[in-house]
There are 2 protein chains.
Amino acid sequence: MSTSPKQPSEAEAPGAADAGPDAPWFEPGRVPEQRPGKAGGKRDRNRQERTLGLCAAALGEFLERGVERVTVDEITKAAGVAKGSFYRYFEDKGQVVDALFAPLRKEMEQAFSECAGALARAGSSAELSAAYQALAMRLGQAALREPRLVKLYLQECRGPAEGARLPIRQLRDSITAAAVALTEVAHRQHLLRDLPPKITAFAVVGAVESLLIAFFEGEDLGSPTDAAQALVRMVLEGVGQR
Amino acid sequence: MSTSPKQPSEAEAPGAADAGPDAPWFEPGRVPEQRPGKAGGKRDRNRQERTLGLCAAALGEFLERGVERVTVDEITKAAGVAKGSFYRYFEDKGQVVDALFAPLRKEMEQAFSECAGALARAGSSAELSAAYQALAMRLGQAALREPRLVKLYLQECRGPAEGARLPIRQLRDSITAAAVALTEVAHRQHLLRDLPPKITAFAVVGAVESLLIAFFEGEDLGSPTDAAQALVRMVLEGVGQR
DNA sequence: TAATATCATGACTTTTCAGTCATGATATTA
DNA sequence: TAATATCATGACTGAAAAGTCATGATATTA
């Protein structure tokens, strides 16, 4: 132990570091509790590399064959790592999914709650719109940071909340709840036509998801910019107040 | 063989019978080729019962735990039948999924193709609208016949086209293709606003799916009639020509 | 550099599941 | 009713996947 420069007990979360521009987009589920070596030492870097490699490999396999069908052996083989190493860093497949989605979930929940706060403080309809736009920006950026994660989410989010898919379903529940809540605010503020806000919320979320999937599956939707514009037009004219 | 009153070679499909009001909503994948006993005899009824029971049990399990996670043992246990019996009627889990969706797929494909025909023959925009409405009716009725099948479809249709999920993905591809094709016709006929028809199609399909899921998951969307009406309003005003 | 603790490895054990088959039960037919 | 073929059963086999662990390798620390 000695007088090491850092207190291991309350260091920042192992994989997240300080969220720099290319901080890993996931958090290792369980780096062994006792981790010797200084923060930037070789051991530390090795651990980083292993967890990152495993997560990346797992993401690829998940996308190709579905979370349920992928085995730990496949993940380790794709990562070029022995099976035992997998179990050093993760308890099971589910924890990898957890690690993959943790940062996205955190970012989204923060974005939602900040948007809700802005809406509560807003005095004019211009301020309301600005809050929604800011939210859309943040979500878009979060999605763009690791698009394959979004694809995995879309692919798995409807399955039963069982086993490894659990964290994905939780993310979906949180997105659904936020969409409904935000829509209800908009509705109360008469930003929306007089349609049931829940229905509006689900319809819009569904439309966005469907277009994203089409995009990911290589459908030719024209330029992303044009597609996004078309979507916005549809939504505004379909559900927005005249 | 003797002079049995029926020619076994070209009898109607084993499970479908004549599609009466409560004809089974699936087709057994493989009733053993040689099947003794007259068409309505005890043996025949037993076979019917077994396949139907297995399909129903499988559907329940699939909904609860997802197609991939469900094992043959679980299905047979839920159906109250020995494992060996399963393999008498189905080659594997995938064939059960096949059997579950076969009639729905058939009905949908027929509905799509007839709608396409009606559109081709249509001379006025009123006739065009009528064709779309007829399609919507048929699809709605097909869905209402076995709603849990629709739920299973929604739950599984986004997963990778692997293993037992294959037939579900095929159904999705056919739905997607039809939606795009029909929307393109509508677009050419200036029934739709000048938005890319593909984008319109995906958005609408996505919105419908999302609302269906919300409904199945017990969200309170008000009365189904009102919800449907709200959806139609949104779609018409969001994508329809003014 | 030597001592020590963590780390990586893949063979091994255990568990789970798919698919088979000998056996007794049941419907059909002569 | 007797003879016969199909049918239902669940114990069994083999394969696949999960999860473990003794061993040698590597980084850290004194």
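The sequence lines fix the lettering, A, B, ..., with proteins before strands; numbering per chain opens at 1. Every value quoted in this text rests on a predicted model; they were computed, and no experiment measured them. The figures that follow rest on heavy atoms only: side chains count, while hydrogens, waters and symmetry mates do not.
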Chemist: To the nearest angstrom, how far is F90(B) atom CZ from dT20(C) atom C1'?
Modeler: 18 Å

Chemist: Between dA18(D), dG19(C), dA8(C), which nucleotide has the shortest distance from any of its atoms to the side chain of K83(B)?
Modeler: dG19(C)

Chemist: So, is R47(A) near the phosphate of dC7(C), with a side-chain N or O under 4.0 Å from OP1 or OP2?
Modeler: yes

Chemist: Quick one: look up who dT26(D) pairs with, Watson-Crick or G-U, both distances under 3.5 Å, and put none if it's unpaired.
Modeler: dA5(C)

Chemist: Which nucleotide in the set dA8(D), dA18(D), dC7(C) lies at the smallest distance from any side-chain heavy atom of Y89(B)?
Modeler: dA8(D)

Chemist: Please compare V70(B) and N46(B) by the position of their nearest nucleotide in DNA chain C and report the one closer to 5'.
Modeler: V70(B)

Chemist: Tell me which nucleotide among dA27(C), dT26(D), dG19(C) gets nearest to the side chain of K42(B).
Modeler: dA27(C)

Chemist: Expressed as a whole number of angstroms, how long is the span from I75(B):CD1 to dA18(C):C1'?
Modeler: 12 Å

Chemist: Taking the minimum atom-to-atom distance to the side chain of R43(A), which one of dT26(C), dT28(D), dA17(D) wins?
Modeler: dT28(D)

Chemist: In Watson-Crick or G-U wobble terms, both distances under 3.5 Å, what is the partner of dG19(C)?
Modeler: dC12(D)

Chemist: Whether Y87(A) contacts dT9(C) is assessed here as follows: a side-chain N or O lying under 4.0 Å from the phosphate OP1 or OP2. Is that the case?
Modeler: no

Chemist: Quick check: on DNA chain D, is the nucleotide nearest A82(B) upstream (toward 5') of the one nearest S85(A), or the reverse? Name the residue that is more 5'.
Modeler: A82(B)

Chemist: So, for D73(A) and K83(A), which heavy atoms are closest and what is the spacing to 0.1 Å?
Modeler: OD2-NZ, 3.1 Å

Chemist: Closer to the 5' end of DNA chain D via nearest nucleotide, is it G80(B) or G84(A)?
Modeler: G80(B)

Chemist: Taking a pair as Watson-Crick or G-U wobble with both distances under 3.5 Å, which nucleotide is matched to dA18(D)?
Modeler: dT13(C)

Chemist: Can you tell me which nucleotide in dT9(D), dG19(D), dT9(C) comes closest to the side chain of R50(A)?
Modeler: dT9(C)

